[in-house]
Amino acid sequence: MLAQITENKTNLSLRNIGKNMAKIILIIYCIIAALLLAPFLYFAFDRVGNCASDGYVWDDNLKECRKDCLHWNEKKGCIKLSDEEVAEFEKCKYQKPACYAPIYDKMFPKKCLDYDSAYNLDEKYCDFDFNLKDCRKLEGNWLYPKSCK
C-alpha cells in the first residue's frame, strides 16, 4: 500500500513537471514568434516611413502619402508641386540621388520664396519655418521672400 502511494506521488510530480515544461516551451515559442513578427508588422504598417522611403511626403493633416508635395510642415502645410514637377521627380524615382539634384536646384529657390520662406544660397537650403520677423536677420547668403521689406 505504501509503495502504491509513493508511486502515485511520483507520477503526479512527473505530470506537474511535464505540464510546467509544456508551459515554458509555449512561452518561449510565443516570444520567438513575437520577435519575428514585430519587424514585419512595423514595416508593413509604418505608413509614414514607407511613404518617405518611396520618395514621397507624408501629409500629417490628411494622414496620407502625397507625391504632389515637395515638403510638408505644421506651419505651411503641403508645398505643392505642379504636374510637370511631379513628372520630373517620377522620372528619377528609381535612379541615383544625383538625378534629383538638378530638379531641386531649379525649383527649390522659387518654391521656397513663393511660400514666404528664406532660401540659403550657400547651403541650398530652404527654411520653411522662416518667420517674416526674421527678415534680413539671418547669417549667411540668403534670398528672402518679396514680403520681406
Side-chain angles (χ1 to χ4, degrees), residues 10-149:
T10 306
N11 285 341
L12 287 175
S13 65
L14 287 176
R15 278 190 220 147
N16 287 341
I17 291 172
K19 285 181 183 177
N20 289 338
M21 287 298 288
K23 287 178 186 176
I24 291 170
I25 290 171
L26 180 64
I27 290 170
I28 291 171
Y29 279 131
C30 288
I31 290 170
I32 291 171
L35 291 174
L36 293 175
L37 195 58
F40 167 75
L41 292 174
Y42 175 75
F43 289 114
F45 297 104
D46 177 30
R47 297 185 327 171
V48 177
N50 288 339
C51 179
S53 64
D54 288 342
Y56 301 126
V57 174
W58 182 258
D59 187 326
D60 216 27
N61 287 342
L62 299 176
K63 304 287 187 227
E64 67 179 23
C65 190
R66 297 183 58 173
K67 66 179 182 180
D68 63 337
C69 293
L70 179 63
H71 178 77
W72 189 95
N73 69 15
E74 284 285 328
K75 187 176 174 184
K76 303 222 168 56
C78 174
I79 308 301
K80 293 278 288 169
L81 294 171
S82 68
D83 291 340
E84 295 82 26
E85 292 165 336
V86 170
E88 282 187 64
F89 277 113
E90 287 294 312
K91 288 178 196 171
C92 285
K93 188 170 180 181
Y94 298 108
Q95 296 182 28
K96 294 182 179 174
C99 180
Y100 292 99
I103 300 170
Y104 276 114
D105 290 347
K106 184 175 96 181
M107 84 170 66
F108 219 55
K110 182 178 177 349
K111 288 282 183 199
C112 187
L113 298 175
D114 287 347
Y115 281 85
D116 279 336
S117 300
Y119 183 78
N120 187 306
L121 292 166
D122 299 327
E123 303 291 326
K124 295 184 178 181
Y125 162 74
C126 181
D127 182 4
F128 285 112
D129 293 320
F130 175 76
N131 288 313
L132 292 176
K133 65 179 176 64
D134 295 329
C135 285
R136 316 269 183 244
K137 294 180 184 174
L138 300 175
E139 290 184 29
N141 192 11
W142 290 84
L143 286 175
Y144 293 98
K146 292 178 184 171
S147 52
C148 280
K149 296 181 180 177

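Since this is a predicted model, take the numbers as computed values, not measurements. Counting from 1, the numbers follow the sequence of the chain as shown.
Within 6.0 Å of NZ on K75 lie more than 12 heavy atoms contributed by other residues, nucleotides or ligands.
In terms of heavy-atom proximity, C126 sits nearest to F108 at CB-CE2, 3.5 Å. Residues C148 and L132 approach most closely at SG-CD2, 4.2 Å, considering heavy atoms. Nearest heavy atoms, A98 versus P102: O-CD, 3.3 Å. Residues A118 and Y144 approach most closely at CB-CD2, 4.2 Å, considering heavy atoms.
With rounding to the nearest 0.5 Å, the separation of CG in L81 from CD in E90 is 10.5 Å. Between the CG atom of L62 and the CH2 atom of W72 there is a distance of 9.0 Å, given to the nearest 0.5 Å. Note: C135 SG to F130 CZ = 4.0 Å, rounded to the nearest 0.5 Å. Within the model, atoms CD1 of I31 and CG of L26 stand 10.0 Å from one another, a figure rounded to the nearest 0.5 Å. Note that the OH atom of Y100 and the NZ atom of K91 stand 12.5 Å from one another [nearest 0.5 Å]. Taken from CH2 in W142 to CG in N120, the straight-line distance is 4.5 Å, to the nearest 0.5 Å.
Looking at D105 and K124, their side chains come closer than 4.5 Å, going by heavy atoms from C-beta outward. Contact annotation: the side chain of E85 approaches that of K111 to within less than 4.5 Å [non-hydrogen atoms, C-beta and beyond]. The shortest side-chain heavy-atom distance between Y119 and P145 does not fall under the 4.5 Å cut-off. Contact check for C92 versus I103: side-chain heavy atoms found under the 4.5 Å cut-off.
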Starting from the C-alpha separation in whole Å, work towards a yes-or-no answer on ring pair (Phe, Tyr, Trp, His ring centres under 6.0 Å) for F89 and Y104.
-> CA-CA 9 Å; F89 277 113; Y104 276 114; 5.3 Å; yes

Which is it for L70 and V57 under the side chain to side chain contact (heavy atoms under 4.5 Å, CB included) test, yes or no, and what are the steps along the way?
-> CA-CA 7 Å; L70 179 63; V57 174; over 6 Å; no

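K80 is linked by a side-chain contact (heavy atoms from CB on, under 4.5 Å) to R66, D68, C78, Y115, counting only residues two or more places apart in sequence or in another chain.
Counting only distance, with no hydrogens or angles, the side chain of K63 and the backbone of D60 share a donor-acceptor pair below 3.5 Å. In this structure a side-chain-to-backbone donor-acceptor pair under 3.5 Å is present from N73 to K76. For the pair N131 (side chain) and K133 (backbone), a donor-acceptor distance under 3.5 Å is absent.
A side-chain donor from one of D116 and S147 sits under 3.5 Å from a side-chain acceptor of the other.
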